[in-house]
Amino acid sequence: MEKFTILKGIAAPLRMINIDTDIIIPKQFLKTIKRTGLGIHAFHDIRYNEDGSEKEDFPLNQESYRGAPILITGENFGCGSSREHAPWAILDMGIKCIIAESFADIFYNNSFKNGILPIALPKEQVEELMASAEKEPSALLEVDLEKQTITRGNKISFDFEIDPARKHSLLNGLDDIGLTEEKKAHIKSFESNDKEKRSWLYA
Amino acid sequence: MNNAPENNKPRTLFQKIWDDHVIHTDDNGTSLIYIDRHLVHEVTSPQAFEGLRGANRSVARPKATLAVADHNVPTTDRSKGISEPESRLQVETLSKNCAEFGVQLFDMADKRQGIVHIIGPEQGFTQPGTTIVCGDSHTSTHGAFGALAFGIGTSEVEHVLATQTLIQKPAKSMRITVNGTLQDGVTAKDMILAIIGEIGTAGGTGYVLEFSGDAVQSLSMEGRMTMCNMSIEAGARAGLIAPDQTTFDYLKGRPMSPTGEEWDKAVAYWATLAGDADATYDKEVVLEAKDIAPTVTWGTTPEDVLPITASVPAPSDFDDEAKQKSVERMLDYMGLVAGTPLEEITVDKIFIGSCTNGRIEDLRAVAAVAKGKKVADNIKLAMVVPGSGLVKEQAEAEGIADILIEAGFDWREPGCSMCLAMNADKLESGERCASTSNRNFEGRQGRGGRTHLMSPAMAAAAAIKGKLSDIRNL
């Protein structure tokens with residue numbers, strides 16, 4: 001996994017609530033057996049017309065936001081399915097940080113596994129970032145994971161919360177499986193105790 | 001024993017399961033927990049197996065893992081395989097991976113094949129007090145057995161395959177109590193839709209829901225599964241119902257259930273799992289069963305529910321500005337006009353099935369409504385997709401299939417089908433569907449498709465009447 005330290009870039013505003021995983025990546029694109037290549041399909045139905053042409057009202061289709069590495073959006077982003085194709089698609093289209101009022105649990109969790117930083121902020125702060133991204137698309141937003149801050153020029157500066165363990169993994173690009181394998185002795189010891197207690201599960 | 005509670009502090013069902021699965025807790029409060037059961041399907045596993053192969057890792061406990069192809073499988077004649085090449089590749093990839101890593105698979109030709117969340121309970125693979133994961137959000141279904149069951153992404157599927165563990169933090173607990181007795185015609189599906197309407201699609205975020213109260217405890221296992229299945233639609237990590245005699249009776253004699261002395265030992269353990277009487281919850285929600293009517297969705301999130309007797313709402317009926325904007329979009333997408341009585345909404349297709357409502361009890365409910373009647377002329381297709389091969393076999397043996405075919409329903413092979421429309425079963429743009437599934441998201445059942453969620457009996461009523469209808473008046 002790639003490390004996430006400081007990200008500086010333009011932010012695309014997507015003024016919708018409850019953006020579900022079917023909107024992020026519709027099911028016809030889940031048939032892949034790879035993790036990559038989903039970026040062109042991300043947000044398919046709200047991004048493309050039926051004939052495949054781009055919809056003008058989708059922010060990331062507009063020249064000022066095209067290629068933005070940061071997405072700003074409303075509450076409950078990523079609700080619905082557990083499909084990791086959702087963060088894969090978002091990452092593959094170049095988005096590495098999502099700022100929203102709130103996230104659905106599984107999507108939030110999946111994002112970290114792919115080096116994407118999801119940041120939940122209070123409604124007023126999201127609104128301020130959204131409004132300023134709409135007003136002045138070219139202004140850059142700086143997200144500093146180490147300091148846990150989001151700044152925009154010298155006008156806006158917000159702190160954000162993040163679980164320390166997730167922060168550590170993201171900053172260092174760590175692989176969870178490798179970390180867990182270091183605890184192999186604990187796992188073996190758990191299993192041998194548990195085999196006594198719940199033997200029927202080990203038949 | 002391994003994780004005895006401190007000072008005999010009263011614990012919830014969730015806390016008891018959690019405590020019995022913690023392997024190690026870091027200073028920052030993150031725990032490594034043990035996973036007892038892992039269900040695998042073809043859509044969210046190929047990249048996980050690929051990851052294992054790349055890192056030269058094996059599956060830690062193949063016997064604790066069970067795989068099935070369900071999302072992509074055709075519900076029509078399967079003897080010639082899958083015609084769509086990408087779907088075929090995914091299903092074949094699952095077979096290859098299971099063979100290579102020693103994981104048991106129910107393939108498409110196996111009569112035990114079916115939707116992953118139907119077959120787990122059916123086989124007795126799902127058991128109380130266990131931790132169960134699957135790369136599928138509706139894993140919450142298994143919470144009906146008092147198992148801590150939740151959906152995970154593919155990276156975590158790989159993590160569980162490799163280590164039989166997951167890195168987790170404890171969830172907050174919310175107890176949802178439904179008192180009293182449900183009215184005639186009101187089912188577990190109506191109850192969970194009403195609950196999601198009450199707490200909202202993000203109301204459960206960060207929580208494990210525990211359903212309790214007379215109306216919940218008197219449900220069959222099928223009804224309990226329907227409720228826990230849709231916990232995720234309230235944003236919850238999982239849903240739970242305390243195991244009791246109904247649970248034990250359901251599990252007794254299933255192929256993967258314990259037997260003999262092991263059965264007795266298991267039941268003795270399962271009986272200790274219910275939350276302690278004086279345990280406290282982070283949040284409590286109480287509903288009265290008598291207030292719940294047959295319920296349908298009108299919008300494109302599962303919180304957009306109303307009793308069937310109501311009318312389509314207007315954006316101005318909502319306080320929040322973002323929700324008003326969203327309602328405007330939903331009415332446009334759904335092709336609905338504010339003020340229209342729900343019972344005047346005509347539908348084009350009927351979908352009965354899914355991990356929410358594809359079990360035998362659901363099909364019996366549909367047959368009870370359809371018996372001696374005909375699907376209305378305006379209905380283009382009324383599909384019934386049993387949740388598994390065994391459900392299909394049982395429904396055929398009970399005469400349910402004959403009743404449904406006679407009434408004009410299409411009787412299909414088991415799978416996820418038009419719940420998410422990954423196979424050939426889908427809505428065309430603008431088509432409206434009365435569906436027993438779990439998600440009414442934009443495009444969920446096909447681009448431009450319009451979904452109304454409801455119970456099996458209500459979907460059957462819609463099939464007969466050709467429009468959304470109150471089952472109580474049929």
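Nothing here was measured: the structure is a model prediction, and the numbers come from that model. Chain identifiers are assigned alphabetically (A, B, ...) following the order of the sequence lines, protein sequences preceding nucleic acid strands; residue numbering begins at 1 within each chain.
Contact check for A:Gln28 versus B:Arg447: no side-chain heavy atoms found under the 4.5 Å cut-off. Two residues are said to be in side-chain contact when any heavy atoms from C-beta on lie closer than 4.5 Å; A:Lys34 and B:Glu50 fail this criterion. Residues A:Ser199 and B:Glu262 meet the side-chain proximity criterion, which asks for heavy atoms closer than 4.5 Å.
In summary, the side chains of A:Glu84 and B:Ser155 do present a donor paired with an acceptor at a separation below 3.5 Å, with no hydrogens or angles considered. Side-chain atoms of A:Asn110 and B:Glu156 form no donor-acceptor pair, as typed in the model, at a separation below 3.5 Å.
For the pair A:Asp20 and B:Arg439, the salt-bridge criterion is not met [side-chain N within less than 4.0 Å of a carboxylate O]. A:Arg83 and B:Asp136 are not joined by a salt bridge, as no carboxylate oxygen comes within less than 4.0 angstrom of a charged side-chain nitrogen.
In this structure, chain B has heavy atoms under 4.5 Å from both the backbone and the side chain of A:Arg15.
In this structure, the side chain of B:Lys169 does not engage the main chain of A:Asp163 through any donor-acceptor pair within 3.5 Å.
For the residue pair B:Glu84 and A:Lys31, the shortest heavy atom distance occurs at OE1-NZ, 3.1 Å.
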> Between A:Tyr202 and B:Lys63, does a side chain to side chain contact (heavy atoms under 4.5 Å, CB included) hold up when you go through it step by step?
Replying inline: CA-CA 8 Å; A:Tyr202 293 83; B:Lys63 279 189 168 178; over 6 Å; no
> Between A:Lys27 and B:Gln445, is a side chain to side chain contact (heavy atoms under 4.5 Å, CB included) present by the stated rule, with each step listed?
Replying inline: CA-CA 9 Å; A:Lys27 67 284 206 144; B:Gln445 295 191 295; 5.9 Å; no
